[in-house]
There are 2 protein chains.
Amino acid sequence: MPQDFADLHVERWRDHWIEVDFDDDVEAMTVRIGALHRYFKASTQRALAEVGLLESEYETLHHLMIRDTPGKASPGDLASDLGVSGAGMTGRLDVLEKRGLVKRTPGTDDRRRVDIEATRAGVAIWRKAMALRGDAEDDLATALSSAELKTLNKLLKKLTLHAESRLDG
Amino acid sequence: MPQDFADLHVERWRDHWIEVDFDDDVEAMTVRIGALHRYFKASTQRALAEVGLLESEYETLHHLMIRDTPGKASPGDLASDLGVSGAGMTGRLDVLEKRGLVKRTPGTDDRRRVDIEATRAGVAIWRKAMALRGDAEDDLATALSSAELKTLNKLLKKLTLHAESRLDG
DNA sequence: ACAAACTACTTCGCATACGAATTATTCACA
DNA sequence: TGTGAATAATTCGTATGCGAAGTAGTTTGT
């Protein structure tokens, strides 16, 4: 099997920086996960360019759609889901509302709140982006057999469970 | 084995959005890779807070150190490595230079160029951050046996090679 | 040898996002 | 029931980064 970027990285690393000692396999894994993440990000961005969305717009719309209550949320919930500040979310929603992709409605029972809802146009453009994104991911996954993909998920899950326990506990 | 975040995501996804059909395993893999990336990013940020570096400062310093010519580069090379604009790199280098972590030297043979070099202090702080970052990665990797880690790398590599071929060719 | 094209970096103007302060509203409880 | 604490969203001031324009220097072609 030919070398990938991670192999080259580890090799170069070992040549130049022996005194900073890392486990080669751990380092390679980290680099590969980073590389795959960047690849997904890049294909998402191509999809977004095609449908005419900025990454910040898509991200907001996306989190709005994948909630327990799809298409509906409060600015604060979205902000914490996305890891942006409340101020940032106000700005993002201003843009999305101006483009007609979401609608703000003042809350009725609690008038401090604002309800955000994706409009028909917002849902449509999000779906188009999702379909394109999915195509790219499926394409990448063809590199693995179905059994390999299951094995990979099993191993990744061991890591994510470990990570989650570190974050919670 | 208990459920992780990706399992929950896929389950919720299937409940609410059957009409947008994704392969469950591919979707779970994508989500897990994203989650691990965020975990690494978070532990890096903890490490950076401890040594007193901003993420942008660390990132710049890091790419300066892991080049073929460690600790030395031109602003333009760094900018394209990091995927930031030339203007952004000028700003980052201004900050790093002011903190005494890198040094700018006007080029001698080609006077358009500027040589960036990490100072002794810059290398030291980068190493401290690297050591902490490495600890967190090693900790995560304890979730896998050495054999599992090798299997994981083999499968990840199949994906990265596929991704690289898509990007180049 | 000299103008045109190119390259490397920096400055400028604008957009986005952050944290802090602000406004408006609701909740807790004495 | 009224007052202080808490909560939700927005506005404000600042920082970081982008793209475009600017500046300085080098290469190319005739």
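Naming: A, B, ... by sequence-line order, numbering from 1 per chain.
For A:R104 and A:E117, the salt-bridge test fails: no basic side-chain N is under 4.0 Å from an acidic carboxylate O. Comment: B:D115 does not engage B:K72 in a salt bridge, judged by the lack of any side-chain N to carboxylate O separation of less than 4.0 angstrom. A:E97 has no carboxylate O lying under 4.0 Å from a charged side-chain N of A:K103, or vice versa, which leaves the two without a salt bridge. Checked for salt-bridge contact, B:R67 and B:D81 meet the test: a charged N lies under 4.0 Å from a carboxylate O.
When the P atom of C:dC18 is taken as reference, atom CD of B:Q45 falls 12 Å away, rounded to whole Å. One atom, CG of A:D115, and another, P of C:dT25, lie 16 Å apart when rounded to the nearest Å. To the nearest angstrom, C1' of D:dT16 lies 13 Å from CD of B:E59. Between B:D77 atom CG and C:dT7 atom P there is a gap of 14 Å when expressed in whole angstrom units. Nucleotide C:dT10 holds its C1' atom 12 Å from the CD1 atom of B:I116, rounded to whole Å. For A:R112 and D:dA9, the CZ to C1' distance is 10 Å, given to the nearest whole Å. As a whole-Å value, the separation of A:E57 CD from C:dA15 C1' is 13 Å.
Of all nucleotides listed (D:dG25, D:dA9, D:dC18), D:dA9 comes nearest to the side chain of A:P75. Comparing D:dA8, C:dT25, D:dT26 by their closest approach to the side chain of A:R111 singles out C:dT25. In the set D:dT16, C:dT26, D:dT10, D:dT10 carries the atom at the smallest distance from any side-chain atom of A:V114. The side chain of B:D110 lies closest to D:dG25, out of D:dG17, D:dG25, C:dT25.
The shortest side-chain heavy-atom distance between A:Y58 and A:H63 does not fall under the 4.5 Å cut-off.
A close approach under 4.0 Å does occur between a side-chain nitrogen or oxygen of B:R113 and OP1 or OP2 of C:dA8.
One side chain, B:T160 or A:D4, offers a donor N or O that lies under 3.5 Å from an acceptor on the other.
Using bins of under 30°, 30° to 60° and over 60° for the plane-to-plane angle, the ring pair A:H37/B:H37 lands in the parallel bin.
Across all strands shown, A:D109 has heavy atoms under 4.0 Å from sugar-phosphate atoms exclusively, and none from any base.
Contacts of residues 85-99 of chain A with DNA chain C (heavy atom under 4.0 Å): A:S85, A:A87, A:G88, A:R92.
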